[in-house]
Each structure stands twice: as structure tokens, then as C-alpha cells.
Amino acid sequence: MNAPAATELPVVVIGAGPAGLAAAAHLIDRGIEPLVLEAGPTAGAAVREWAHVRLFSTWGEVIDPAAEKLLAPAGWTRPDPAAYPAGRDWVDLYLQPLAAVLGDRVRTGARVTGVSCTGRDRIVDADREARPFLVHIAHAGGGEERLFARAVIDASGTWATPSPAGGSGLPALGEKAAADRITYRVPDLKDPAVRARYTGRRTAVIGSGASAFTALAHLADLAKSDDGAGTKGVWILRRGISGSTFGGGEADQLPARGALGLAAKAAVDDGHADAVTGFRTEAIERAHDGRLILVGEDDRRLDPVDEVIVLTGFRPDLSFLEELRLGLDERLQAPVALAPLIDPNQHSCGTVPPHGRRELSHPEQGVYLVGMKSYGRAPTFLAMTGYEQVRSVAAAIAGDLDAADRVELTLPETGVCGGAGLFDAPDAAEGDSGGCCAPAPQLVQLGVPAAAEVAAAEEAQAGGCCGS
């Protein structure tokens, strides 16, 4: 079967989430036909899996302008831009209506299993740039198909590939065997069956980001409820305690994001959770009663817990892109030009410069990783970042490089300074006089530092301490 000319082909967009649907809208705005392939049964399938979680961005920050332009003629009503949607609101009031407007351009139950250059594996140089892309699809009902594309935008995200509990990036010994008591998602404690699983139980929460903050806050709310007696959280941190441990608080330019950290702080301060610092999980063992014992790389053994919530981030699935020539950073698995801008080993104060097609390009021309997947293993991605990315990429595919290179976004700061390797360093804790080197890891109850103390600690970290 001969491939048609590239100019006659659609741009294949992988994933019908926020970034993927926005990419389709921007392509249409440029007069280019998109074809969105979604592995799940509906648009926004991944978001539906965390439908109960409230976003820390407002409606005004999670609606793409080109998408709104498509929705307006269909009689769509824009939600209050100052309100905060939950995941289900985002899907029901925005993503699903947008997919409906896109119509047949969105195909669900279509999992991309491979992408290549037509007639060329990744080894062959000859005539490569003149050939369209070949996309292999597995359908939910069985059967396979292949399609041709003029360009490929991978917006498939990272939701399906959470990172493990193990502190070395590999699953902890015994982690898979303990799967019946481990979840890698923020549990929906409004669901009666899920609530019963955690009520009156001792639960370990492994992680230090917004998801961990959310889980700790939800467990604290359960502990304070009429039926929640005996509910206790154990917060497992691979690093020590510092001024930025709980996020930017009131200094965060996204107030709801800052509030998440303050809620986690309150959970610890009020005694609903203990914090175990400098603990890198090496093994998960079964106690005689079926509960789980976390064992650290330093041979510490924690008291048994009933449940474990692992919220250590996500990583990209690159398996179906292995025949393409991607330029990825060896640490973050993000595009090499983007990686230095988002690297948590070096990144400072939560600022990410606006970026687009230049930072997202690969040696394989016409391929772009966008949205959360573009960040590889780096955290703190914002929807508005993805919208700016796809605006730039769509302009580049259309040949309008001036628009593609133009900056049209200023991102809000987190109010958190990090870097100098501190994000995962066990000894990154507040000192008594502006330093941040801590004593040996221990179980701690945390006080709430004054705002000035937090700011001072953050300033010290930005300068790089603890041997950086």
C-alpha cells in the first residue's frame, strides 16, 4: 500500500485529554485537519480517573482560547472563570463538549501501539524527511489498523505510568506482591467503599507533591469526621523538612495550589499525620496480620500500616515511539532543550519560561511531545503550559514560524525555591540560622513556621546550600 502525499494527510494527535483536544482546535484554526486517537472509551478518560480531585487552577486557566473559539458557536456556556473545577467538571463541562464539537476527528478506543517513518526504521537515513509517518492502532474491540500522518503530536500524558514506591526508581522489593494494599492515585474518600478501606486505618503516603498534599488533607478530614476515629496518616518523605516542603503557601501565585500545602501542614500539626523524613523505601514486607512494613535503604523498619498511597510522580511511556528519532534528556526523558528549564535538580523558585516548538522539537522532524508527556519525569505541569505548547506547535506545522516562536504566556510562580539537588536530598531541612542542613532522619511533628521564616529558608535554598 503506497502512502499518499504528506500534504493530503491529517496530523495525528495521540490522546484526547486537555492538551490533545486543544492541539486539535489549534490545528483546525490553522486550516489543518487533525485526527485525535484516544485509547480510553471517552475523551478525557484519564481525567475521569481523578474526577473527585479539585484542580488548583481556575476555569479561566484551564480553557484553551482556540477550543473556546470552536465551542462558542455550538451554544457552549463558559463556566465562571474564577471558580475551581474538579476533574469531573473539567470533563463534563469542557472536554466532552469540545470532543463533541470535533466530532469524527476524535476516535476513542484507539490505542496507538507504534509510530514510525513510512518505509524506514530508525536506522535508515535516505529520503526520511520526505516520507509521512506510519501510525499503528489497536482497537478496543479487537483488530489492528494503520494510518498515515503528515505530523504526530503525542499528548498521551503520563497518567497510566505512575512511578513506584522504591526510592531507586525501581519497584520496592515486595511492592508488586503487596498490590492489594497499595494505590497509586489519590483515593476518593466520598465513595463509601473507598472510604471504608481507609477509615480507622493507618495509611502511609509516599510523595512530596500536590497529590501527596491532597491525600494527607483528605485523610485528615476523614480522621476529623464522625466515623473517622483512629484514622492516621504516615507521610513518607525521601528528603528532610525545609521551608519549601509544604509548597509556596501564601507566596504561590496560584492560591489554591499554595493552600494544598497548608492543608498538608495542618494535617501534620494537628496530629492526624506523622512525617518520616529521609526515608527511601527499599522493600515492602507483610506483617503476620497482613499489614505492610516499609523498609528503608538504611534498614529502618517502620511500624506496620494498613494501606499505602504511592504518589511519587509519573513517567512517560515511550515504548510506542521507539522507531522514531527522539532527542530526550537522559535524566528527565523530556526534550533536550526543554529539560534544563524544568529540571528539579536545578530549577529555582517555580518559574518556567514559556516555551514552544523550538524546545519541543526532535531530530525526527514533525514529531512533538506536548502536555504532561513533554515534561517526562519532571513535576508541576500546568494546563496553560500545554495550551501554549500546542499553539506554537500548530503554528510551526502550518509553516508560520513567526507565530510559533512568539511568546504568548506568562506562567504563575509557585512561591517555592528549590534546586541545587535539594528536591530529593534527605538532609535538605531547615537550619537554625538560615542554613538547610538537617540532622539524621527521624519521625517528626512539625510546627508552622512564620511566613518570614519560610521566605528566608527559600532564599537560602535558592542560593544553594548543603554542599551544592
Side-chain angles (χ1 to χ4, degrees), residues 14-15 17-20 38-40 45-47 49-50 53 111-115 152-173 175-176 178-179 182-186 205-215 236-239 280-282 284 297 308-347 352 355 359-360 362 367-383 385-386 389 418 421 423-424:
I14 306 173
E38 167 59 46
V47 179
E49 294 191 24
W50 51 269
V53 178
R111 180 178 299 278
V112 174
T113 58
V115 183
V152 175
I153 300 175
D154 183 357
S156 59
T158 57
W159 177 254
T161 47
S163 295
S168 299
L170 301 174
L173 300 178
E175 183 172 346
K176 294 180 180 179
I182 300 177
T183 183
Y184 298 85
R185 307 287 188 260
V186 176
V205 178
I206 305 176
S208 60
S211 294
F213 295 164
T214 301
I236 310 298
L237 291 133
R238 294 172 179 172
R239 55 178 175 169
R280 305 181 70 84
T281 308
E282 184 174 75
I284 300 177
E297 292 179 352
V308 178
I309 303 173
V310 180
L311 300 169
T312 53
F314 297 87
R315 52 188 58 180
D317 177 9
L318 301 168
S319 60
F320 59 89
L321 303 176
E322 62 184 4
E323 287 305 317
L324 297 176
R325 297 176 175 181
L326 302 181
L328 298 175
D329 179 78
E330 62 184 8
R331 294 167 299 173
L332 297 186
Q333 295 178 297
V336 291
L338 175 61
L341 308 180
I342 60 175
D343 187 350
N345 293 292
Q346 303 173 8
H347 198 44
V352 179
H355 54 274
E359 292 81 5
L360 299 171
H362 294 275
V367 174
Y368 301 92
L369 275 57
V370 302
M372 187 64 225
K373 190 161 186 177
S374 71
Y375 269 40
R377 299 193 183 199
T380 64
F381 184 83
L382 296 175
T385 300
Q389 288 179 340
F423 277 88
D424 204 26

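Both backbone and side-chain heavy atoms feed into the values below; hydrogens, waters and symmetry mates do not.
- For the ring-ring contact (aromatic ring centres under 6.0 Å, His included) condition, the pairs that include at least one residue of residues 314-336, sequence neighbours left out, are Trp159-Phe314.
- Under the 4.5 Å side-chain criterion, counting only non-hydrogen atoms from C-beta, Thr183 is not in contact with Val310.
- Between the side chain of Thr385 and the backbone N or O of Phe381, no donor-acceptor pair lies under 3.5 Å.
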Please assess Leu311 against Val186 for the test side-chain contact (heavy atoms from CB on, under 4.5 Å), listing each intermediate value before the final yes or no. CA-CA 8 Å; Leu311 300 169; Val186 176; 4.1 Å; yes
Can you list the steps and then say if Leu328 with Leu318 is a side-chain contact (heavy atoms from CB on, under 4.5 Å)? CA-CA 10 Å; Leu328 298 175; Leu318 301 168; 3.6 Å; yes
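- Nearest heavy-atom pair, Leu338 versus Ser374, reported as atom, atom and distance to 0.1 Å: CD2-O, 3.4 Å.
- A donor-acceptor pair is defined here as one N or O able to donate and one able to accept, closer than 3.5 Å; no such pair exists between the side chain of His362 and the backbone of Val367.
- Residues Val47 and Pro18 meet the side-chain proximity criterion, which asks for heavy atoms closer than 4.5 Å.
- Residues Ser208 and Arg238 have side chains not in contact (no heavy-atom distance under 4.5 Å, counting atoms from C-beta outward).
- A distance-only check finds no donor-acceptor pair linking the side chain of Glu38 to the backbone of Ala45 [under 3.5 Å].
- With sequence neighbours left out, Tyr184 forms a ring-ring contact (aromatic ring centres under 6.0 Å, His included) with no residue at all.
- Under the 3.5 Å distance criterion, the side-chain polar atoms of Thr161 are matched with a main-chain donor or acceptor of Arg315.
- Residues Leu360 and Val370 form a side-chain contact, since some pair of their non-hydrogen atoms from C-beta on lies under 4.5 Å apart.
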Stepwise side-chain contact (heavy atoms from CB on, under 4.5 Å) test for Ile284 and Leu173: CA-CA 6 Å; Ile284 300 177; Leu173 300 178; over 6 Å; no
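- Aromatic ring orientation, His355 versus Tyr375: tilted (interplanar angle from 30° to 60°).
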May I have the step-by-step check of side-chain contact (heavy atoms from CB on, under 4.5 Å) for Asp317 and Thr158, ending in yes or no? CA-CA 7 Å; Asp317 177 9; Thr158 57; over 6 Å; no
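- Minimum heavy-atom separation, Asp329 to Ala339: CB-CB, 3.4 Å.
- Of all heavy-atom pairs between Ala334 and Gly376, the closest is CB-N, 4.1 Å.
- Considering only heavy atoms from C-beta on, Val308 stays 4.5 Å or farther from Ile236 through its side chain.
- Side-chain contact between Leu332 and Pro344: present, with at least one pair of heavy atoms (C-beta onward) separated by less than 4.5 Å.
- Heavy-atom minimum distance, Ser163 versus Thr312: O-OG1, 3.0 Å.
- Rounding to the nearest 0.5 angstrom, the gap separating the CG atom in Leu382 from the CE atom in Met372 is 10.0 Å.
- Sorted by first and then second residue, the pairs that involve residues 370-379 and meet salt bridge (charged side-chain N to carboxylate O under 4.0 Å, His left out), not counting sequence neighbours, are Asp154-Lys373.
- For the residue pair Glu297 / Ser168, a side-chain donor-acceptor distance below 3.5 Å is found, with atom types taken as modelled.
- For Arg111, the CZ atom is loosely surrounded, since the number of other residues' heavy atoms within 6.0 Å does not exceed 12.
- In this structure, Gln389 CD and Leu369 CG are separated by 9.5 Å, a value rounded to the nearest 0.5 Å.
- Using a distance-only test at 3.5 Å, with no hydrogens or angles considered, a donor-acceptor pair links the side chain of Glu175 to the main chain of Ala165.
- Shortest non-hydrogen contact noted between Val336 and Pro340 is O-CD, 3.2 Å.
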